[in-house]
Peer 1: 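Got a structure for you, written out below as structure tokens; questions coming shortly.
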Amino acid sequence: MTAVGFEMKKPVLAIEGLTVSFDGFKAVDNLNLYIDRNEVRVVIGPNGAGKTTVLDLICGKTRATSGSIQFDGQELTKMREYNIVRAGVGRKFQNPSIYENLTVFENLEMSYPAGRKVWGALFFKRNAQVIARVEEVAREIFLGDLLQQQADLLSHGQKQWLEIGMLLMQDPELLMLDEPVAGMSVNERAQTAELLNRISQGRSVLVIEHDMEFVKSIAHKVTVLHQGKVLAEGSMESVQSNPKVIEVYLGH
Ligand SMILES: Nc1ncnc2c1ncn2[C@@H]1O[C@H](COP(=O)(O)OP(=O)(O)OP(=O)(O)O)[C@@H](O)[C@H]1O
């Protein structure tokens, strides 16, 4: 196998022995988790299982007590949040954090690397390359016809897509989404599934979700967390028929 072939086979994210204690309580407990390139992984589990904390640890918002998070060969546990973003990890929180008083176009433009940020404003030119990228991403997130719409007039689902689009502007290698379809209509859920299936061709996606129909429509593999540990992992079918998973989560 060539060196390049070997690199492609290595997981893009390798979490090993990851533990975080809050006043002695282990929210994440000796966790191992491996995500492949172009994989859509969904993490499910009961409330308080540690799902959001795992995303917080990966993006550097929370510091690990012990263990390792290797992303593309870089150790994330020692890196600052903005360097983790620069390394190629994008994270969307549950509530959209878009600029409500700006248009769809402007929101996406703001997220272009070296785009019109506070300092970048002095040097930034709205060139053809930026416009083309904004238009491309807007089409991808179903907002191609709404570029001049002010963001506060978008539906809840459209706001969620806009935030995904803002992350896509940075072209992250790993995109992490916390309950992306919460509060969405049935149609919006179906469109979001289509969007995630599409954008995973070229990047890995890690999703936390409770909506099992949605999970079924996107997951390549499902990881069930319980008390900060992996309770089960595998295909949706294997996880759904696992008695331990039914007992602690799906049976409720
Ligand atoms: N900063 C913190 N300080 C203290 N305890 C915390 C902190 N963050 C999380 N926890 C605790 O860690 C546990 C795991 O929380 P987490 O939010 O990761 O669970 P979750 O699986 O995402 O749950 P949900 O499905 O409800 O979002 C919970 O008991 C929570 O109270």
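First listed ligand is number 1; within each ligand, the first listed atom is number 1.
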Peer 1: What are the atom names and distances for all N or O pairs under 3.5 Å between ligand 1 and the protein?
Peer 2:
unit_1   : atom_1 : unit_2 : atom_2 : d
ligand 1 : 18 (O) : T52    : N      : 3.4
ligand 1 : 18 (O) : T53    : N      : 2.9
ligand 1 : 18 (O) : T53    : OG1    : 2.5
ligand 1 : 19 (O) : G50    : N      : 3.3
ligand 1 : 21 (O) : A49    : N      : 3.1
ligand 1 : 21 (O) : G50    : N      : 3.0
ligand 1 : 21 (O) : K51    : N      : 2.9
ligand 1 : 21 (O) : K51    : NZ     : 2.8
ligand 1 : 22 (O) : T52    : N      : 2.8
ligand 1 : 22 (O) : T52    : OG1    : 2.8
ligand 1 : 23 (O) : G48    : N      : 2.9
ligand 1 : 25 (O) : N47    : OD1    : 3.2
ligand 1 : 25 (O) : K51    : NZ     : 2.8
ligand 1 : 25 (O) : H210   : NE2    : 3.3
ligand 1 : 26 (O) : N47    : OD1    : 3.2

Peer 1: Can you check whether M176 reaches C59 side chain to side chain, under 4.5 Å on heavy atoms?
Peer 2: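 The answer is yes; the side chains approach within 4.5 Å.
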
Peer 1: Under the ring pair (Phe, Tyr, Trp, His ring centres under 6.0 Å) rule, collect the residues that match up with Y34, sequence neighbours excluded.
Peer 2: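 Result, ring pair (Phe, Tyr, Trp, His ring centres under 6.0 Å) vs Y34: none returned.
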
Peer 1: How would you list all residue pairs meeting ring-ring contact (aromatic ring centres under 6.0 Å, His included) that involve residues 222-246, not counting sequence neighbours?
Peer 2: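 Sorted result for residues 222-246: empty, none.
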
Peer 1: Rounded to the nearest 0.5 Å, what's the gap from NZ on K159 to CD on E163? Could you check?
Peer 2: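 Answer for the NZ-CD pair, K159 versus E163, is 11.5 Å.
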
Peer 1: Is there a donor-acceptor pair closer than 3.5 Å between any side-chain N or O of S111 and the backbone N or O of N107?
Peer 2: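 Flag set: sc S111 to bb N107 pair under 3.5 Å.
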
Peer 1: With ring-ring contact (aromatic ring centres under 6.0 Å, His included) as the rule and sequence neighbours excluded, what pairs involving residues 153-186 come up?
Peer 2: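 Qualifying pairs: F142-W161.
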
